[in-house]
Amino acid sequence: METIDELGYRAARETLADAERITDVEAGLARILAGEEDVEWNADGGARRRWVVLTAAAAVVAAVTAGVVWSQQDSSPTLVPAIPPDVTPEPTTPVTPAPTATVAPTTTSVPPVDRPSPLARLAEAIGASTAIARGPREVTVYANGTTTEVATPPDVYVQTDGTFLWWDTNIGEMTPIRSTAVTLDGTIVCDVDGAIHRVRQAADGGYVASVERANEASERGGGETAIPNYAVDCESGEAQPIEPIRWTREGGSRFIQRVGDRTFTGIGDAEGNADVTNESGISINGDDYAGYHTFSADGSRVVYGDMSGQPSPHVTNVLRSRDTTTGELLWSAELEDPVGPTQWYGDRIVAQVLANGGAGPGYEAVIVLDALTGDVITTVPTSLDIAFVG
Amino acid sequence: MSAAASGQQVPLTESFEDLYRREVRPMVALATSLTGSREAGTDLAHEAMLRAYRTWSKVGALDRPGAWVRRVLINLAIDHARQRERERRALRRLEPVEAAEPSAPTSARFWAAVRALPERQRAAVALHYIDDLSIDEIAEILQVSAGTIKTSLFKARRSLAVSLKAEEVR
């Protein structure tokens with residue numbers, strides 16, 4: 001039997017040899033030396049920000065319906081030790097300071113912009129009345145004909161149900177997660193310990209969040225650990241234990257997902273894909289290796305990406321739809337470009353086309369499909385990271 | 001072990017290009033071990049180097065810019081891991097996370113077990129094996145005491161011995 005040191009050094013040798021093989025040093029160096037060119041671009045019909053052009057895999061450069069979007073180079077000072085980062089020029093239009101990871105924000109939005117934003121143009125192009133897109137330090141919301149930018153802390157992953165936005169912040173290692181929820185205009189309605197997974201407004205006008213507190217997880221049974229789940233009164237902070245919806249287990253997790261009146265159970269793997277079954281234990285993704293599930297509003301149908309036989313478990317050209325009661329395959333669509341996340345809105349599906357065929361970060365287009373047939377309706381170039389359409 | 005990551009004095013006149021050429025491959029290996037993805041590892045190493053380049057007038061004057069850029073890389077890798085965890089929690093979308101792209105069975109199995117460790121242990125183990133750094137050098141990069149690193153490595157070895165069914169020591 002090998003020792004840990006023997007295993008560790010052998011693994012290191014293999015990994016170093018692999019890095020040697022895959023790394024083109026001169027090309028990487030050239031990218032960095034060339035990547036410092038600053039470009040100013042009128043981002044949203046008003047605010048001028050400093051953008052950094054990146055090339056090759058680090059770049060997300062895509063034409064949108066009426067302009068060009070550059071990926072903004074993140075230079076989060078929290079990640080850089082010892083030396084203060086270079087000062088980056090502030091936008092010329094007022095942007096409310098983004099909240100930090102340790103201080104709850106007091107307000108997070110800027111006034112709506114006057115001219116149609118890229119998000120507004122995208123929403124119009126795909127026939128959506130509401131669209132929400134993630135940015136590195138903000139979320140852009142298009143709703144009711146106006147575009148609003150809601151500032152967020154840097155590097156948070158914003159989730160939304162189309163009514164609220166919420167995100168987690170890790171204050172420090174071994175520190176419990178804290179979450180903040182805001183309305184679409186940036187008004188903070190909840191700031192709680194734990195990871196929010198749903199927010200609703202109660203009949204009395206107050207807000208209640210469903211919150212998971214993984215740091216309290218301790219119970220084990222059948223090889224699973226339940227993640228404690230609470231209904232938290234956002235004003236008082238009072239937490240009422242409720243049924244867990246997620247259990248960690250070796251190699252992944254088990255989770256409960258409710259859509260309309262339906263309840264599904266998923267067994268997720270380490271890649272983030274999942275085998276999802278209905279109330280009767282019937283798989284709603286057949287024998288497919290599935291991810292990016294999205295459901296019709298009543299939960300009667302599902303669309304997912306089939307990763308079976310794909311070169312990566314996160315990229316697919318095949319979208320499939322099934323009846324979630326019978327598991328029957330309704331349609332299967334083979335797309336020209338590999339796609340990632342999908343969203344169901346109305347009678348349509350929007351799928352995000354991964355940049356560089358899935359090799360690079362970000363997106364380069366969205367494809368809109370008919371949810372009933374799987375027929376492609378339109379393709380719109382955009383690098384926006386779509387969080388919600390409705 | 002790379003010179004910049006070790007205790008060797010790096011000349012103030014060293015260029016960014018020299019640092020990049022010497023360090024980028026071990027940094028890709030370090031990031032790949034911590035993320036489980038060649039693609040993410042390459043991106044993070046590149047990002048850390050880019051940050052060094054943008055502040056090179058200050059970073060280049062440090063005694064050990066290689067330690068500085070590794071600290072950035074570790075932070076980026078931790079943030080990357082947290083981001084993946086947040087995405088896993090996005091149950092509604094069932095969004096996938098980075099692929100494990102094992103280069104070989106031993107490394108894949110070993111680094112997968114390492115990534116299951118707490119953050120500090122994870123970083124200490126990767127720096128120890130990939131860069132072959134001493135306790136003091138790891139402590140400098142992670143900005144904790146040498147005693148903390150000793151404890152972290154001890155606990156990490158004990159956990160890895162269980163998860164990998166290997167001997168802790170011989």
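All chains are named by letter (A, B, ...) in the order of the sequence lines, taking the proteins before the strands, and each is independently numbered beginning at 1.
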Task: Heavy-atom check, side chain of B/R157 versus side chain of A/T3, under 4.5 Å - done: no
Open item on the list: I'd like to verify something: which residue of A/L29, A/T23, A/V259, A/I227 has the highest number of heavy-atom pairs under 4.5 Å with chain B?
Closed with: A/L29
- [ ] For B/R122, check side chain to side chain donor-acceptor pair (under 3.5 Å) against everything at least two apart and list the hits.
- [x] none
Open item on the list: Please evaluate residues B/Y20 and A/L33 with respect to the criterion side-chain contact (heavy atoms from CB on, under 4.5 Å), reporting the C-alpha separation (whole Å), side-chain torsions for both, the decisive distance (0.1 Å), and the verdict.
Closed with: CA-CA 11 Å; B/Y20 186 94; A/L33 298 181; over 6 Å; no
TODO: Check whether any side-chain heavy atom of A/R21 sits under 4.5 Å from a side-chain heavy atom of B/R38, and report yes or no.
DONE: yes
Task: Residue A/I22 versus chain B: region with a heavy atom under 4.5 Å - done: side chain
Task: Spacing of B/R25 atom CZ and A/L16 atom CG [to the nearest 0.5 Å] - done: 11.0 Å
TODO: Could you tell me which residues satisfy side chain to side chain donor-acceptor pair (under 3.5 Å) with A/S179, sequence neighbours excluded, listed by chain and number?
DONE: A/D168
Open item on the list: With a 6.0 Å cut-off (strictly less than), is the heavy-atom count around CZ of A/R254, excluding the residue itself, greater than 12?
Closed with: yes
Open item on the list: What verdict does the side-chain contact (heavy atoms from CB on, under 4.5 Å) test give for A/T15 and B/F110, after you've listed the backbone C-alpha separation in whole Å, the side-chain angles of each residue and the deciding distance to 0.1 Å?
Closed with: CA-CA 11 Å; A/T15 309; B/F110 183 80; over 6 Å; no
TODO: Measure the spacing between OG1 of B/T32 and CD of A/E14 and express it to the nearest 0.5 Å.
DONE: 13.0 Å
- [ ] Please name the pair of heavy atoms, one in B/L164 and one in A/L7, separated by the smallest distance, quoted to 0.1 Å.
- [x] CD1-CD1, 4.1 Å
Task: Heavy-atom pair count under 4.5 Å with chain A, highest-scoring of B/M27, B/M49, B/E17 - done: B/E17
- [ ] Mark yes when over 12 heavy atoms from residues, nucleotides or ligands other than A/R249 sit less than 6.0 Å from its CZ; otherwise mark no.
- [x] yes
TODO: Find the distance between CD1 (A/I32) and CG (B/L50) and round it off to the nearest 0.5 Å.
DONE: 5.5 Å
Open item on the list: Taking B/S107's backbone N and O only, do any of them form a donor-acceptor pair with A/R10's side chain (distance below 3.5 Å, no angle check)?
Closed with: no
Task: Parallel, tilted or perpendicular, as decided by the 30° and 60° cut-offs, for the rings of B/H128 and A/Y9 - done: tilted
